[in-house]
Every structure is written in C-alpha cells, then in structure tokens.
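Just so you know, these numbers use all the heavy atoms, side chains as well, and skip hydrogens, waters and symmetry mates.
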Amino acid sequence: MRGLSALGHDVTVAALREHDARGRFGAPLGVPVITAPPRAWPQGLRSLGYARDLARLGRRARRARFDLVWERASARCDVGGGLARHAGVPHLLEVNAPLSLERGEDPGEGARLARADRVIAVSPWLGRWAESHGAREVRVVPNGTDVVAVDRDAARRTLGLNGTILVHHGSLGAWHGLDHLPRILEAVPEVRLVVVGEGDVPAHPRVSVLPFQDAAQLAQVLCAADVAVVPTPDLAPPWLDPLKIHDCRAAGLPVVGSVHPATRLADRQVPLLDPSAWRRAVLELAGAPRHVRERPWSAVCDEALRGINAR
C-alpha cells in the first residue's frame, strides 16, 4: 500500500478482516478498507463458509471504482480475478509461495495463474514455477524494504556497540538456521552476534537478543553491525525472497549466506557446514567498504506495474 501510494495511486484495500497480527490494514495511510468479516461456520461447513465469505467480500468490493486489481494470491481465493473480469480491468496476481506445495493442495491454483493478466513472482524459482503452471505473463519482482540507512557511528553510540558485530534478524522460524549460529560464532571468536526477533535463539555467551524492531529501529541495528549472517538450511523452501536480505542491503550491511536459492542476493554464499568458509567471508566483509542498495516498496510497485495497460 505504501509503495502504491508513494507513486501517486489511489488505493482501496479489500480483505476479509480489517486487521491481522501485524496491525490494522490501511491505518498508517488512511486508505479505504472494504471488509467482510468471516462468520463462525460449523466444522463441517468451513470450506463452504469460506467460499461464501469470499463471495460476500467480492460483492462489496464491486461497489468501489478501480482501474486495476492487484491481488496477493491466497488459497482457494479468486476474489481479485473475479473483480477484474467483472470490471474489465487488468488483474495483477502477486505470488509469494506455491500454495499447492506449501499447503498440500489448492484446487484452482493453475486456473487462477492462467487467467491473470500478469503474475508477479518474488523470486526466480517462483517465476519458473508460475510459467510451468500456465501463467501467461510472469514478471520476477523481488521484495522491498522500509529500512533507510542512518549514520553508522551515531547508531553504534546509541546502541552502545563496539568491536565487530554480526547480526541476524527476522521472524526466526525453523527454516532460518538458528541452530547453526553457535558454530559460526565458534569459528569467529573475535565477534559478537546480535539477534533481532522473537524465537528460540540458542544460548551463547556472545549472543545478545533484541525484540522485534520497527523499520527505523532496525535500521539503527543494521547500520551499527558489521556483517549479517543468514545460515539458511536445506529445509528452507527454494522460493523464498527473504525480507532480511533487502533490509541489510538498504542499510549498506554486507550479507554472508549459506548456499541456497533464498540467499542469492547475499554478498557471499558459503557452504552451511564449513566453519572456515564462514570465518573467511565474515572477516573479509567486515573490513570491506559499505554500499547502500536501496529498494523501497515504491520501486517494487513501479517494476510490477510497468507496461500494464488499463482497458
């Protein structure tokens, strides 16, 4: 939403609920939000009830005026496609994961991909997958970030950090390789590690844990650090485009990642189980010049929309 609004577009959000765990949709920008709160359907009727709730959302959304529909793909949902066909406007379908693989099944996923005027895939893997499932036009558009670089020395003073600092941040899920962090620290005994987020962080005398940070707070931590480490294990899905790497690039923080499709944008990729390779990469990048590589969400939206014509 922020990216589209920054480009000067008028945005209306349509979602079943007015908010999720991250907060209220549209609240920071004051954009209109169309909702159809789900009803409490009995256990045996939940699939049918979900379809009815979506249909109700679609009927309410038809009252709005729009020139294009941007839909984030979700399981068993074709509200955006239906709206676009009804209004005769382009339908852009954003795909962040292959739902049929992630959830075991998703009837109609291929048909939704094939009907969309353009599929936006956040990673090359997803782009190839969408094409193999019938998408007519696929554009790979990596994620963006709200992080903006700040002065490194000031950030280190504010946070009270000194010496060589590694950082790892994110949702800290099982696929983030947290259990490999102690091995990396043992390979580089002259560094400390700051982990930002909430999850099961392995205990280690040189690990400090900070709670989840907003974009401004996160920028302070990333700019104060020397190297980000992303030890993505093989169990992580190949279609990921981790926000954490875009955050680091925007802060000018070099990234060392394991060899995995999800870390393709890291400055160095090293074998996950090779401590000496981690040591060499970390020490090399800790002393290297920093380069800020901004990728605001407005740039993401511009890439996604470029060349698509309203009917």
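A donor-acceptor pair under 3.5 Å is absent between the side-chain atoms of Arg192 and the main chain of Arg206, judged by distance alone. Panel note: side chain Arg76, backbone Ala51; no donor-acceptor pair is recorded below 3.5 Å. Judged by distance alone, the side chain of Arg62 and the main-chain N or O of Leu83 form no donor-acceptor pair under 3.5 Å. A donor-acceptor pair under 3.5 Å links the side-chain atoms of His133 to the main chain of Trp129, judged by distance alone. Checking side-chain atoms of Asn143 against main-chain N and O of Leu243 turns up no donor-acceptor pair under 3.5 Å. Under a 3.5 Å cut-off, the side chain of Arg56 and the backbone N or O of Leu16 do not form any donor-acceptor pair. Using modelled atom types, one side-chain atom of Gln217 and one backbone atom of Asp214 make a donor-acceptor pair closer than 3.5 Å. Side-chain atoms of Arg60 come within 3.5 Å of backbone N or O of Thr35 as a donor-acceptor pair. Looking at His260, its side chain does come within 3.5 Å of a backbone N or O of Ala236 through a donor-acceptor pair. Judged by distance alone, the side chain of His176 and the main-chain N or O of Gly173 form a donor-acceptor pair under 3.5 Å.
Within 6.0 Å of CG on Asp151 lie more than 12 heavy atoms contributed by other residues, nucleotides or ligands. For Asp179, the CG atom is densely surrounded, since the number of other residues' heavy atoms within 6.0 Å is greater than 12. In the displayed structure, Gln213 atom CD is contacted under 6.0 Å by more than 12 heavy atoms of other residues, nucleotides or ligands.
Linking ILVMFWY residues whenever their side-chain heavy atoms come closer than 4.5 Å, directly or via other members, leaves Val255 and Leu193 in distinct clusters. When the side chains of ILVMFWY residues are joined at heavy-atom separations under 4.5 Å, either directly or via intervening members, Val259 and Leu240 end up in two distinct hydrophobic clusters. Residues Val194 and Val147 fall within the same hydrophobic cluster, defined by Ile, Leu, Val, Met, Phe, Trp and Tyr side chains chained together at heavy-atom separations under 4.5 Å. Note on Val207 and Val256: same hydrophobic cluster, where clusters join Ile, Leu, Val, Met, Phe, Trp and Tyr whose side-chain heavy atoms are under 4.5 Å apart, directly or indirectly.
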side-chain contact (heavy atoms from CB on, under 4.5 Å) assessment of Leu283 paired with Val188: CA-CA 8 Å; Leu283 294 180; Val188 198; 3.9 Å; yes

Verdict with supporting geometry, Glu109 and Ser100, side chain to side chain donor-acceptor pair (under 3.5 Å): CA-CA 7 Å; Glu109 183 176 55; Ser100 55; 2.6 Å; yes

CA sep, side-chain torsions, deciding dist, call: Ile165, Val191, side-chain contact (heavy atoms from CB on, under 4.5 Å): CA-CA 6 Å; Ile165 303 296; Val191 305; over 6 Å; no

Ile120/Leu93 under side-chain contact (heavy atoms from CB on, under 4.5 Å): CA gap, chis, key distance, verdict: CA-CA 6 Å; Ile120 298 300; Leu93 183 64; over 6 Å; no

Intermediate values then yes/no, side-chain contact (heavy atoms from CB on, under 4.5 Å), Val69 and Leu92: CA-CA 6 Å; Val69 175; Leu92 188 153; over 6 Å; no

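The two atoms that bring His246 and Gly144 nearest to each other are CB-O, 4.0 Å, heavy atoms only. The shortest non-hydrogen separation linking Val221 to Val167 is CG1-CG2, 3.9 Å.
Using a 4.0 Å cut-off between charged side-chain N and carboxylate O, Glu284 and Arg268 make a salt bridge. A salt bridge is absent between Asp274 and Arg279; no separation between the charged side-chain nitrogens and carboxylate oxygens falls under 4.0 Å. A salt bridge links Arg152 with Asp226: the closest approach of a Lys/Arg side-chain nitrogen to an acidic carboxylate oxygen falls below 4.0 angstrom. A salt bridge is absent between Arg46 and Asp53: the closest approach of a Lys/Arg side-chain nitrogen to an acidic carboxylate oxygen does not fall below 4.0 angstrom. Salt bridge Arg136/Glu131: absent, no basic N to carboxylate O contact under 4.0 Å. Here Arg157 does not pair with Asp153 in a salt bridge; the nearest charged N to carboxylate O distance is not below 4.0 Å.
Between the side chains of Gln269 and Thr263, at least one donor N or O lies within less than 3.5 Å of an accepting N or O. Remark: the Asn96 side chain and the Trp239 side chain contain no N/O donor-acceptor pair separated by less than 3.5 Å. Side-chain polar atoms of Glu71 and His91 form a donor-acceptor pair below 3.5 angstrom.
Here the side chains of Arg183 and Leu273 are in contact, with some heavy-atom distance below 4.5 Å. Put simply, the side chain of Arg139 reaches to within 4.5 Å of the side chain of Arg306, judged on heavy atoms. Counting only heavy atoms from C-beta outward, the side chains of Val140 and Leu126 never approach each other to under 4.5 Å. Using a 4.5 Å heavy-atom cutoff, the side chains of Val195 and Leu181 are in contact. Counting heavy atoms from C-beta outward, Trp278 and Val229 have side chains that approach closer than 4.5 Å. Between Val119 and Glu137 the shortest side-chain heavy-atom distance does not fall below 4.5 Å. Here the side chains of Cys223 and Arg156 are not in contact, with every heavy-atom distance at 4.5 Å or above.
Here the straight-line distance linking atom CG of Leu159 with atom CD of Gln220 works out to 6.0 Å at 0.5 Å rounding.
Tested against Pro238, the residues Pro124, Pro261, Ser123 include a single side chain to side chain contact (heavy atoms under 4.5 Å, CB included) partner, Pro261.
Screening residues 236-263 for salt bridge (Lys or Arg N to Asp or Glu O under 4.0 Å) gives Asp241-Arg264 as the qualifying pairs, with residues at least two apart or on separate chains.
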